[in-house]
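As structure tokens, the structure follows; a few thoughts come after it.
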Amino acid sequence: MSEASDHRDHRSDRDRDRDRGGGGRRRPRRRDMLPSGRGRKVEREYEPPEVAKPPIILAKPSQEQTLSQVSITKSQDKPVVMVRKDDTSGEATPQLHRHLSQQTLISDSSSQSRLALPPEMIHPVKLVDDNQNWIETGMEMLVDQTDFLVIGVIGGQGVGKSTILSLLAGNSPEDSLRSYIFAPQNRDCQESCVHLTDGIDMFVTGQRVIFLDTQPILSASVLEQFIKNDKKVSTEFTTVENYMEIQALQQTAFLMTVCHIIVVVQDWFTDTSLLRFLQTAEMLKPSTPSTSHDSSPEENADYFPNVVFILNKANRDDFSIQSYGSMQYTLKKAFDTSKLNILEGVTMADGKIIPGLNHKTVYLDVNLFLLPNIDDMKTEADPMSMLLPDYRGYPSFDNLINSLRQQIYYMPREHLTHATLSEKNWFHYAARTWDAVKKSQLMAEYNRLLH
């Protein structure tokens, strides 16, 4: 009985296998092989999950390292690492997603703002307009830092003030006149005897050098433009000529108070009216404000800038030892009692520019520099010029302007006031100084003496 039932059970198993297509033989199922048919489920043995190791990211920026450390230290800001398979290379590319806190984002943005470059100007802005009014536009281009230099320029009409100031600010003699920072006079302006700068213009370079370009002093063009525009003169001035002189004195006294260096440009030597004008402006210069009422007289000493005299459009004879020495002697005698710093800053008697001009042949160290005419690039042919085509009796204009720029930038600078000023503080100080110059009682007394 039992044998018959066992036989039926075995037979029923073979029948079932035959019906399923097993061919009467049951094949063992391999769990590690993938099925060849589509849409069939894969049965895999259960394996305990391995702990995923965090990917190692090489060449990671320092900023991301700092942010990741901050996020890992906080439990709510843990980094989430997702591994996505790259379709092109077939490699697993790690993607790091961070949930940064608001405090971290604020600190990051503040660090970027601290490292931001200061703004750079493309063209000069007006500091004082033609009506002698103060303009606040230049405040936007200044920053809160104390390492800056202020250079101003004064001179007559057509002597090359704007051209020299543009070359000191970064222009090259090979640049076109349209690309100059301060617009120089073209041929039409020279023939019609008109000036291009009204009031005071300001330009700030990326090296934090502030340049101030002024309208020409003692100029008939300024007087003609004033009369042509039918402007009214205040009742405190008797004539228009007196008003033009006081206006030029106000601008020069202002530069003597707010500039580290003043460049005085002239195209012939010597202009005695210019020397007397500088002495008068020094006399009318406002005093440096004191820090407190209890300060000593030594602390209340007035500030006086460095003054550099430039003879522009000089000829070959001006570069000789006798001519250069005579010009230095004249300037030294004219400013013998002056408090302006005219010594030991800029010179041609160092033996490097012209070998004949050195400390053995020139005994004075007055800040005097000579520049030839920028348009005078060629000389007549002579035996010396045939051997040395670039020789004119003096170095080239490029070498001279580069030497002048280097010496001016390396001049010692003193504090304008008893307290250290930043660029923005200097702007506010300059605004107060301009207001004090316009309301100066010394200017009013000098105006009455001109009657």
Side-chain angles (χ1 to χ4, degrees), residues 125-139 142 150 152-154 197-202 210 212-219 222-223 225-227 229-260 262 276-293 295 297 299-305 307 338-340 415-419 421-451:
V125 297
K126 189 67 65 178
L127 193 67
V128 176
D129 61 6
D130 54 350
N131 295 323
Q132 306 301 299
N133 296 324
W134 185 263
I135 308 299
E136 297 286 343
T137 308
M139 181 67 179
L142 302 178
V150 185
V153 63
I154 58 174
T197 305
D198 292 323
I200 301 177
D201 295 338
M202 183 184 76
I210 303 174
L212 301 180
D213 188 16
T214 60
Q215 68 183 25
I217 60 174
L218 307 176
S219 173
V222 179
L223 178 61
Q225 183 179 359
F226 186 87
I227 299 175
N229 295 334
D230 197 16
K231 293 184 179 180
K232 303 299 180 182
V233 182
S234 177
T235 56
E236 58 181 331
F237 301 99
T238 56
T239 62
V240 181
E241 292 80 5
N242 292 346
Y243 174 72
M244 292 292 101
E245 183 177 355
I246 293 297
Q247 187 182 93
L249 288 172
Q250 288 175 348
Q251 295 180 2
T252 306
F254 168 77
L255 293 184
M256 289 183 177
T257 310
V258 301
C259 292
H260 297 99
I262 294 180
R276 286 196 298 265
F277 176 84
L278 293 176
Q279 294 172 353
T280 305
E282 179 187 0
M283 178 185 62
L284 301 177
K285 170 188 171 297
S287 59
T288 304
S290 60
T291 55
S292 63
H293 298 286
S295 56
E299 295 178 354
N300 292 333
D302 288 340
Y303 167 80
F304 292 94
V307 178
S338 173
K339 294 183 179 180
L340 298 174
H415 294 296
L416 299 175
T417 61
H418 305 295
L421 298 177
S422 64
E423 293 182 11
K424 291 186 177 181
N425 293 335
W426 170 86
F427 189 87
H428 296 301
Y429 171 71
R432 294 193 303 268
T433 302
W434 178 249
D435 185 67
V437 167
K438 293 177 62 177
K439 299 178 181 178
S440 173
Q441 294 296 328
L442 291 176
M443 290 286 181
E445 292 292 336
Y446 183 78
N447 178 41
R448 283 192 287 267
L449 293 176
L450 294 176
H451 291 180

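One N or O on the side chain of T280 and one on the backbone of R276 form a donor-acceptor pair closer than 3.5 Å. Between the D129 side chain and the N131 main chain, a donor and an acceptor come within less than 3.5 Å of each other.
Applying the side-chain hydrogen bond (donor to acceptor under 3.5 Å, both in side chains) criterion to S219, with sequence neighbours excluded, gives Q157. Applying the side-chain hydrogen bond (donor to acceptor under 3.5 Å, both in side chains) rule to S422 yields the partners N425; only residues at least two apart in sequence or on another chain are considered. Scanning for side-chain hydrogen bond (donor to acceptor under 3.5 Å, both in side chains) contacts around T239 gives N242, with sequence neighbours left out. Not counting sequence neighbours, E282 has no partner by the salt bridge (Lys or Arg N to Asp or Glu O under 4.0 Å) test. Partners of F427 according to the ring-ring contact (aromatic ring centres under 6.0 Å, His included) rule, which considers only residues two or more places apart in sequence or in another chain, are W134. Annotation: salt bridge (Lys or Arg N to Asp or Glu O under 4.0 Å) contacts of D435 (sequence neighbours excluded): K439. Not a single side chain to side chain contact (heavy atoms under 4.5 Å, CB included) links T235 to another residue, sequence neighbours left out. Partners of H415 by side chain to side chain contact (heavy atoms under 4.5 Å, CB included), not counting sequence neighbours, listed by chain and number: T420. The side-chain hydrogen bond (donor to acceptor under 3.5 Å, both in side chains) check on E445 picks up R448, with sequence neighbours excluded. In this structure, the salt bridge (Lys or Arg N to Asp or Glu O under 4.0 Å) partners of K231, at least two apart in sequence or on a different chain, are D130. Every residue two or more places apart in sequence or in another chain that forms a salt bridge (Lys or Arg N to Asp or Glu O under 4.0 Å) with D201 is listed here: K126.
Rounding to the nearest 0.5 angstrom, the gap separating the CG atom in N133 from the CD atom in E136 is 11.5 Å. Remark: F277 CZ to I217 CD1 distance equals 4.5 Å, nearest 0.5 Å.
When side chains are defined from C-beta on, Y303 counts as touching H260, because their heavy atoms get closer than 4.5 Å. With a 4.5 Å cut-off on side-chain heavy atoms, V125 and I135 do not count as touching. No side-chain heavy atom of W434 sits under 4.5 Å from any side-chain heavy atom of L127. Annotation: side chain of M443 is not in contact with side chain of K438 (no heavy-atom distance under 4.5 Å).
Taking every heavy atom of both residues into account, S338 and L340 meet most closely at OG-N, 3.1 Å. In this structure, I262 and P305 approach most closely via the heavy-atom pair CD1-CG, 3.8 Å.
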Which atom pairs, one a donor and one an acceptor, fall under 3.5 Å between side chains of residues 244-259 and the rest of the protein, sequence neighbours left out?
from : atom 1 : to   : atom 2 : distance (Å)
E245 : OE2    : Y446 : OH     : 3.3
Q247 : OE1    : Q215 : NE2    : 2.7
Q247 : NE2    : Y243 : OH     : 3.4
T252 : OG1    : A248 : O      : 2.9
T257 : OG1    : A253 : O      : 2.9

